[in-house]
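Inspection log for the structure reproduced underneath, given as structure tokens.
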Amino acid sequence: MTTKSFHPPQRTLMGPGPSDVNPRILEAMSRPTIGHLDPVFVAMMDEMKELLKYAFQTKNELTMPVSAPGSAGMETCFVNLVEPGDKVIVCQNGVFGGRMKENVERCGGTAVMVEDDWGKAVDPNKLEETLKSNPDAKIVAFVHAETSTGAQSDAKTLVEIAHQHDCLTIVDAVTSLGGTPVRVDEWHIDAIYSGTQKCLSCTPGLSPVSFSERALEKVRNRPSKVQSWFLDLNLVMGYWGGEGKRAYHHTAPINALYGLHEALVILKEEGLENAWARHTKHHQALRAGLEAMGLNFVVHEEERLPQLNAVTIPEGVDDAAVRATLLNDYSLEIGAGLGAMAGKVWRIGLMGHACNARNVYLCLNALDDVLGRMKAPVERGVEVAAAQRVLAG
Ligand SMILES: *Cc1c(COP(=O)(O)O)cnc(C)c1O
């Protein structure tokens with residue numbers, strides 16, 4: 001056997017991430033690699049911080065990409081802010097809240113869980129009650145956009161309640177950033193992390209984070225060392241902090257950062273509000289089509305994310321066979337259920353560059369064909385017209 005170059009097929013990615021990468025981003029990533037302390041590169045980093053501040057709607061000085069995927073952004077928030085013995089309230093309404101609990105415990109903290117049903121938003125009243133019975137809590141953590149179910153929580157209200165009880169807040173915005181409003185300063189979020197491969201439509205592997213001055217104060221003044229050397233912001237700031245002057249911490253993923261820079265330029269060109277509106281519009285079209293087929297959404301309308309559409313798999317339909325056929329016959333990827341929802345739902349992403357009319361129609365036509373061939377109990381031949389009505393209106 002001769003070893004050859006790897007050429008992946010061209011797919012349409014309509015799952016929970018990664019989403020389709022804009023070709024402009026891939027082209028940007030193929031530009032010449034330069035040194036990570038090259039003045040030209042450093043100037044690009046400064047510009048990237050400004051672009052990220054725009055994406056997060058913040059003036060936070062410490063706004064930068066962590067050199068690893070969304071999960072590392074999560075860890076960056078927890079390892080820096082949770083000290084051994086700290087009590088942290090973690091709101092869980094899906095898979096990712098469970099990972100927050102893991103993070104707290106590995107930092108030597110105690111996690112107090114606020115549990116909500118999967119598919120529902122976090123209940124602010126439950127958070128309030130939990131804070132009242134845990135006056136020694138230091139931090140409240142929650143997922144803004146729960147990708148495992150497609151539910152969106154009211155970040156502004158949850159942060160307000162946390163602050164009334166003197167807690168800092170950690171917010172997961174991996175799936176929300178770029179697809180649905182995230183307003184770090186207006187909502188007074190203390191620490192937030194996101195990912196590049198969801199609504200920013202960049203390649204996976206970077207995690208934008210932003211820390212408020214108040215959160216940074218805790219990081220700077222903690223008596224114990226941050227247990228992760230790589231993610232310790234006190235050290236990372238030597239490279240990313242301030243303007244211009246940079247000290248070596250780790251070799252930045254140069255070309256990946258070109259990609260994120262391009263992704264953020266694209267977002268700026270479109271405008272945040274326009275990007276949010278585009279996600280809402282195409283979600284409404286996809287929804288009309290899916291519902292015309294008789295498929296039901298997992299999440300109640302008011303709490304639904306436009307970029308992640310979770311629908312219940314009809315009775316008797318072979319989940320894996322449907323997804324495999326979509327992949328083989330249409331080169332289309334949709335997401336399987338995760339955790340407690342495995343085998344029960346499909347998660348159809350409309351994220352970033354993949355959020356467009358062509359993909360709405362592609363997905364509806366493909367589902368019509370594949371579900372029809374499998375004799376699934378769905379209405380056929382009606383979904384495209386239903387989507388069309390929304391997009392035309
Ligand atoms: C995807 C995702 C993550 C993890 O991001 P990775 O880039 O896969 O590490 C964390 N939280 C949420 C809500 C996500 O959707």
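Read the numbers this way: they start at 1 and go in the same order the structure lists the ligands and their atoms.
Taking CD of Gln307 as the start and CD of Gln152 as the end, the distance is 7.0 Å to the nearest 0.5 Å.
Note on ring orientation: taking the six-membered ring where Trp is involved, the planes of Trp229 and His249 are parallel (angle under 30°, cut-offs 30° and 60°).
Side-chain contact of His163 with Asp190: a donor-acceptor pair under 3.5 Å is present, judged by distance alone.
Protein residues are said to neighbour a ligand when one of their heavy atoms lies under 4.0 Å from it; for ligand 1 these are Pro69, Gly70, Ser71, Phe96, Val143, Ala145, Thr147, Asp172, Val174, Thr175, Gln197, Lys198.
Of all the heavy atoms in Gly94 and Gln92, the pair that sits closest is O-NE2, 2.9 Å.
Not counting sequence neighbours, the partners of Asp117 by the salt bridge (Lys or Arg N to Asp or Glu O under 4.0 Å) test are Lys120.
Under a 3.5 Å cut-off, the side chain of Arg222 and the backbone N or O of Asn80 do form a donor-acceptor pair.
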